[in-house]
Amino acid sequence: MLSEQELQRRESLKKLIELGINPYPADEYPVTHHATDILQHFSDDQPQEFASVSLAGRIMSKRLMGKAAFFDLKDATGKIQIYFQRDQICPTDDKTLYNEVVKKHIDIGDFIGIKGYVFRTQMGELTVHVHTFTFLSKALRPLPIVKVDAQGQVHDAFTDPEQRYRMRYVDLVVNPHVKDIFIKRTRIIQAMREYFNSFGYLEVETPILQPIPGGATARPFITHHNALDIPLYLRIANELYLKRLIVGGFEGVYEFAKNFRNEGMDRTHNPEFTGMEIYVAYKDYHWMMQFTENLLEHVTKAINNGSTQVLFGKHTIDFKAPYPRITMYEAIRRYTGIDISGMDEDQLRQTCHQLHIDVTPEMGKAKLIDAIFGEKCEPHFIQPTFIIDYPIEMSPLCKKHRHDPQLTERFELIVNGKEIANAYSELNDPLDQRQRFEEQLRLSQRGDDEAMFIDHDFLRALEYGMPPTAGLGIGIDRLTMLLTGQTSIQEVLFFPQMKPEQFTTAPKTDTWAHAGIPAEWIPLAQEAFGSLDTMRSLKPTQVHQQLNGLRKKKKLTIPALQLSEVEAWFTQN
RNA sequence: GACUCGGUAGCUCAGCAGGUAGAGCACAACACUUUUAAUGUUGGGGUCCUGGGUUCGAGCCCCAGCCGAGUCACCA
């Protein structure tokens, strides 16, 4: 089963142990420097500043030169070359440590710690001359070997997406640019948090397991709580809980929330994703637009050395505030020449036909308008643009427009043809909110299984009074894609969802279970006999005694076996 | 869900009329005291995704399935 190289590494492991070297020591390894500290701060005039350094990391390449050897050591900050000299490592006649351990048993992928001094080789490369080294962890599997030549050309890159996503740990080790994306992702979140905190808004946590999945239109995951004996849903959004907190008197609350939606997966959808939502009392959507453009300017500067420009594909996108505002009807008029503002459902349906947009009978006004906008307008907005004033049917949680009851005070921020943020003057009129929910209920009876449930507790909260509030939601994964130039969501999630892998070498506990052996005895039987066949080659009385013996030895509380039970294991298949 | 493409050594890939599987890197052995995609010589390494079928013979052709990628549909 094991490959040749895996067997060789296991052999190396044995040899190390025979030589008295612990391949997996428990001791702390004190590190004084990281690779980039040395590369950035070493000066040829002042080599004594790096006369004694200690580093730890993974071996990434080996170049053996007889009595000298050059390896690359990679730590969290980068790679540095290290140099072993035989007679330095082995001052006496016994050259084993160099000839055997350094040359043969340190493999690419192993973690070692080194102590030595920094110098520059004849080739001009900064290098750590190793005095002593310590095994920190032996790698039993070979890493993919990715080489970069003098021209910066990458050879034999580890590129298969399936393997990269399934074994992200390997991807991160051998593809340094992958790590950069995730570091940027974290910085984006940090910059947002800084910005919100600078206003004094409070970061909060709200339930993931919800009895009613509210705040968005999406199919939820469902699970079951045993003690309460009720179904619970994994949240599709946290909106309704954050608004309850505004009712409770907080002036600004926000949460970075994992949301879950039981829908299709593709390069822009993962079943779990991160949404940031923020709610601020006494504000409206105009205020929120300014807040949003300033936020994004702040974030792009924070991750971009102060620049607001981001290169995405062939577009340079500039996040410098302010961004243009255009109403939804205007946008549709601009790109289709059609004014849909007064249309009813039938007229909209006709307009869709006229524009060659596919529609289904379940689609109400909201979905029809959304289809026209999504199809004909959205792709045209490359630079950040606020689309404002959405039709009322599309936005059941949004306040009616102050000048036009057919519209709502809502905006979406479109960048590179995609929605990146969604915000409202939040609906705080409890009677209006109840009507909107009921409208949604009618939609769901029509067959739209994504229409919202009615959340009576949320309505009760509104009846106690919610101040006027502006709310904003931003998809963190998609924002990260945009700001890191990635076209697929899998590239900005450490562990994107995939079909489970089939392991051919999976432990075969089921063969024991098949033979009728109770689950609590299987580990003991495996320990005592290894395989089912071995066990069956013995007499039932022997098996009975050995297993009960093990039980006693391990002081287990499971009931002792009866001989009759054990005998039954020998007859079943 | 539909269509297209892919799955061969640890990694990246090649393979042909259907005739016992190939390269580079990696690995092993030897040489080499400053190399850098180190080099030279020699060598080992394969369930060609799985299961059926056609055939004297299948990595290759046919059927079914699994996994992934892309496009579309659905979906925020």
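The sequence lines fix the lettering, A, B, ..., with proteins before strands; numbering per chain opens at 1. In this text the structure is predicted, and so the values were computed from the model without any measurement. Computed from heavy atoms alone, side chains included, the values below leave out hydrogens, waters and symmetry copies.
When Watson-Crick and G-U wobble pairs are counted only if both distances are under 3.5 Å, B/rG59 pairs with no nucleotide at all. Across all strands shown, B/rU20 forms no Watson-Crick or G-U wobble pair with both distances under 3.5 Å. Both distances falling under 3.5 Å, in either a Watson-Crick or a G-U wobble arrangement, place B/rG68 opposite B/rC5.
To the nearest angstrom, P of B/rA26 lies 13 Å from CG of A/D72. For A/M65 and B/rU34, the CE to P distance is 5 Å, given to the nearest whole Å. The interatomic distance linking A/K103 (NZ) with B/rC32 (P) rounds to 8 Å, in whole Å. A straight line from CG of A/L2 to P of B/rG44 spans 21 Å, rounded to a whole angstrom. A straight line from CD of A/Q122 to C1' of B/rU34 spans 5 Å, rounded to a whole angstrom. Between A/Q153 atom CD and B/rC25 atom C1' the separation is 15 Å, expressed in whole Å. Distance, A/R10 CZ to B/rG10 P: 14 Å, rounded to whole Å. Between the CG atom of A/L64 and the P atom of B/rU41 there is a distance of 17 Å, given to the nearest Å.
Taking the C1' atoms as reference points, B/rU39 lies 24 Å from B/rG22, given to the whole Å. Between the C1' atoms of B/rU55 and B/rC61, the separation comes to 10 Å (whole Å). Here the separation of B/rA21 from B/rU34, taken at their C1' atoms, is 41 Å to the nearest Å.
A/E125 contributes no side-chain N or O that forms a donor-acceptor pair with the base of B/rU34 under 3.5 Å. Contact of A/D160 with B/rG68 (side chain to base): no donor-acceptor pair of N or O atoms is detected under 3.5 Å. Contact annotation: side chain of A/Q5 to base of B/rG10, donor-acceptor pair present below 3.5 Å.
Using modelled atom types, one finds a donor on one side chain and an acceptor on the other under 3.5 Å when comparing A/E491 with A/Y165. Between the side chains of A/H129 and A/Q88, at least one donor N or O sits under 3.5 Å from an acceptor N or O.
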Discussion item. As a quick check of understanding, evaluate ring pair (Phe, Tyr, Trp, His ring centres under 6.0 Å) for A/F119 and A/Y83, giving each step before the final call.
Written reply: CA-CA 10 Å; A/F119 74 111; A/Y83 173 59; 5.7 Å; yes

Practice prompt. Evaluate side-chain contact (heavy atoms from CB on, under 4.5 Å) for A/H105 paired with A/I21, printing each intermediate quantity in order.
Written response: CA-CA 11 Å; A/H105 302 315; A/I21 294 169; over 6 Å; no

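Taking the 5.5 Å centre cut-off and the 30° plane limit, the aromatic side chain of A/H155 is classed as stacked on B/rA37.
Counting only heavy atoms from C-beta on, A/T121 has its side chain closest to B/rU35 among B/rC11, B/rU35, B/rA26. Side-chain proximity of A/T127 to B/rC75, B/rU35, B/rU33: nearest is B/rU35. Side chain of A/E4, nearest nucleotide from B/rA29, B/rG45, B/rU12: B/rG45. Of the candidates B/rC32, B/rC75, B/rA29, the closest approach to any side-chain atom of A/H269 belongs to B/rC75. Looking at the side chain of A/D156, the nearest of the listed nucleotides B/rA73, B/rU33, B/rC11 is B/rC11. Here B/rA38 is the nucleotide among B/rG10, B/rU34, B/rA38 with the atom lying nearest to any side-chain atom of A/R63. You'll find that the side chain of A/K147 is closest to B/rA26, out of B/rC75, B/rA26, B/rG68. Listed candidates were B/rC74, B/rU12, B/rU34. Nearest to the side chain of A/F158 is B/rU12. Comparing B/rU34, B/rA73, B/rG68 by their closest approach to the side chain of A/D266 singles out B/rA73. Checking B/rG45, B/rU33, B/rA26 against the side-chain heavy atoms of A/A68 singles out B/rU33 as nearest.
Within the 4.0 angstrom heavy-atom criterion, base atoms lie near A/E378. Contacts of A/L143 with the nucleic acid, taken as non-hydrogen atoms under 4.0 Å apart, are absent. At the heavy-atom level, A/F119 lies under 4.0 Å from base atoms of the strands shown. As judged by a 4.0 angstrom heavy-atom cut-off over every strand, A/K418 is placed among residues making no nucleic acid contact. Contact annotation for A/A69: no contact, since no heavy-atom pair falls under 4.0 Å across all strands. Across all strands shown, A/R166 has heavy atoms under 4.0 Å from sugar-phosphate atoms exclusively, and none from any base. Using a 4.0 Å heavy-atom distance criterion, A/Y83 is classed as a base contact.
Place A/D370 and A/K67 on RNA chain B by their nearest nucleotides, and A/K67 ends up nearer the 5' end. Summary of the strand contacts: A/I145 and A/A157 both lie near RNA chain B, and taking for each the nucleotide with the nearest heavy atom, the more 5' one is attributed to A/A157.
For A/Y117 and A/H131, the ring centers sit closer than 6.0 Å to each other. Ring pair A/F494/A/F182: centre-to-centre distance below 6.0 Å.
Taking only side-chain nitrogens and oxygens, A/R267 comes nearer than 4.0 Å to OP1 or OP2 of B/rU71. Proximity of A/K62 to the phosphate of B/rU35: no side-chain N or O atom is located under 4.0 Å from OP1 or OP2. Checking the phosphate oxygens (OP1, OP2) of B/rC74, no side-chain nitrogen or oxygen of A/R219 falls inside 4.0 Å. Checking the phosphate oxygens (OP1, OP2) of B/rC11, a side-chain nitrogen or oxygen of A/Q163 falls inside 4.0 Å.
The residue from A/D389, A/T292, A/T408 that alone fulfils the side chain to side chain donor-acceptor pair (under 3.5 Å) condition with A/Y285 is A/D389. Considering A/K399, A/K243, A/R410 in turn, A/K243 is the only one that fulfils the salt bridge (Lys or Arg N to Asp or Glu O under 4.0 Å) rule with A/E426.
The two atoms that bring A/V492 and A/D477 nearest to each other are CG2-O, 3.6 Å, heavy atoms only.
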